[in-house]
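Below: one structure, written as structure tokens.
Proteins get letters first, then strands, A, B, ... in listed order; numbering begins at 1 in each.
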Amino acid sequence: MARIIVVTSGKGGVGKTTSSASFSSGLAMRGHKTVVIDFDVGLRNLDLIMGCERRVVYDLINVINKEATLNQALIKDKHCDNLFILPASQTRDKEALTETGVESILNELVNMGFEYIVCDSPAGIEHGALMALTFADEAIIVTNPEVSSVRDSDRILGIIQAKSRRAQTGSEPVKEHLLITRYSPKRVAADEMLSYQDVQEILRIPLIGIIPESESVLHASNQGNPAIHFKGTDVAEAYEDVVSRFLGEELELRFTNYEKPGLLQRIFGAK
Amino acid sequence: MFKSTPKNPIEIKISTVVAISVILHAADRMALDAALKKMTGGVPDFFEGDLAVIDVGALPPASASIDWASLIGLLKSYRLNPVAVRNATPAMEQNIIAHGLSIDSGTKARDEVRPAPAATATRLPAAADETASGMKPSAMMIDTPVRAGQRIYARGCDLIITAAVNNGAEIIADGSIHVYAALRGRALAGASGNAEARIFALSMEPELVSIAGVYRTFEDGFSPELARQPAQISLVGDRIDILSVNLASRS
């Protein structure tokens with residue numbers, strides 16, 4: 001039974017595309033046929049993060065407008081055979097995204113045998129974000145531990161609970177997961193940043209994982225290689241934990257404790 | 001849940017409406033017109049066709065018989081819709097009915113035995129705006145968090161919420177508001193003018209509160225005894241007061 005997962009946040013720049021890329025890669029590497037779709041029409045960047053920007057010929061809007069088939073538009077990921085990318089259009093505007101168009105593409109993807117369909121939402125609560133969440137079975141709410149991100153995540157949760165197809169037809173509600181990104185235990189300990197417990201207290205949805213703040217993410221985007229492939233880094237491990245928890249495993253939270261470096265470490269430049 | 005087609009083309013049930021009490025202290029049309037003009041401040045749709053029950057109980061008994069046609073005309077010109085008269089003397093009743101108004105027997109009706117379908121009513125204090133019939137729905141209940149951007153309106157009753165009301169959310173009730181969790185958003189009680197309404201919360205940290213239209217923000221924060229404590233907000237005169245409901249702090 002295929003599952004449609006929307007990765008959304010409300011706030012921009014919190015790590016939706018970074019997380020969509022690593023999450024879908026993680027699922028595919030464990031043997032599940034996965035597709036990740038960029039819903040940010042006009043400001044597309046999923047293809048950059050996945051490293052396939054030079055192989056984009058057709059996009060989501062071409063397929064909706066029947067100018068190309070899904071097979072022509074889907075790009076196979078260079079890192080993983082099970083993963084496919086459906087890029088957004090750079091030139092068209094959001095109105096080209098129609099609800100019926102999106103629904104028919106998702107149905108076709110299900111029929112093609114995809115187990116997981118990850119929808120990378122644009123920022124905001126307008127049409128593009130709405131189209132990404134309408135058909136979702138599950139939602140990953142990406143949140144930075146900071147007040148405006150938490151407020152915007154709260155807003156988008158309300159919208160999912162009101163405007164998703166599942167909400168409107170009275171079916172089982174969309175399963176919500178909280179993904180906290182750019183977490184810095186040091187700043188939490190210094191009371192400069194909200195703790196993950198503070199964020200959970202406000203948003204009240206189950207926590208699927210915490211991704212620590214890390215320079216690896218910037219390197220990953222620059223190289224067009226999702227962060228989860230950088231084996232051994234904290235970010236890669238954190239994303240692997242997220243995928244494991246999504247697939248049902250129960251794991252302890254990592255990267256939440258700050259250990260103050262000893263004197264020698266501080267002399268030699270540990271942060 | 002399924003709908004069954006009713007066998008009768010028409011069903012009669014007890015229902016509740018919210019009506020305004022128009023309490024007269026004088027019967028002189030000029031005086032009433034001037035007072036209404038002052039009250040509405042020249043705003044033509046101050047009253048939006050609200051149902052009105054005219055209360056003549058405060059009029060001196062020796063006053064000349066009331067010109068009902070003129071009074072009805074005056075109220076309608078301010079967009080009030082008079083439907084009944086309360087506390088009229090038996091001598092007035094025939095005249096009142098002749099002008100198309102009903103007699104509201106007030107408290108007497110509530111003691112009558114009601115037919116089976118009527119639920120038992122929760123009696124609100126008499127000071128609250130009363131309704132044309134004797135019953136109110138008890139309260140609207142919400143058990144899920146109220147999120148930023150959401151708005152809840154409990155029409156004609158109290159609002160009870162057993163989960164948090166987040167920043168950026170707005171909860172409104174014609175009656176009182178009870179939040180058995182943190183209240184962080186905006187809360188507007190007594191929205192239709194009930195100044196007796198109150199706002200209760202287990203952790204009172206709202207952005208803005210209002211009772212019967214009088215509002216207050218908390219830009220300077222809360223005093224240490226009240227911050228994040230169980231508290232109640234009420235309207236005292238024309239000032240919004242915040243008081244503890246924590247037994248431990250009562251002297």
Exceeds 12 heavy-atom contacts within 6.0 angstrom, atom CZ of A/Arg182: no
Portion of A/Ile125 that has a non-hydrogen atom of chain B nearer than 4.5 angstrom: neither
Do chain A and chain B have donor-acceptor pairs under 3.5 Å, and which are they?
residue  : atom : partner  : partner atom : Å
A/Asp154 : OD1  : B/Arg147 : NH1          : 2.7
A/Asp154 : OD1  : B/Asn166 : ND2          : 2.8
A/Asp154 : OD2  : B/Ala148 : N            : 2.7
A/Asp154 : OD2  : B/Asn166 : ND2          : 2.9
A/Glu201 : OE2  : B/Arg184 : NH2          : 3.2
A/Ile202 : O    : B/Asn166 : ND2          : 3.2
A/Leu203 : O    : B/Arg147 : NH1          : 3.2
A/Leu203 : O    : B/Arg147 : NH2          : 2.8

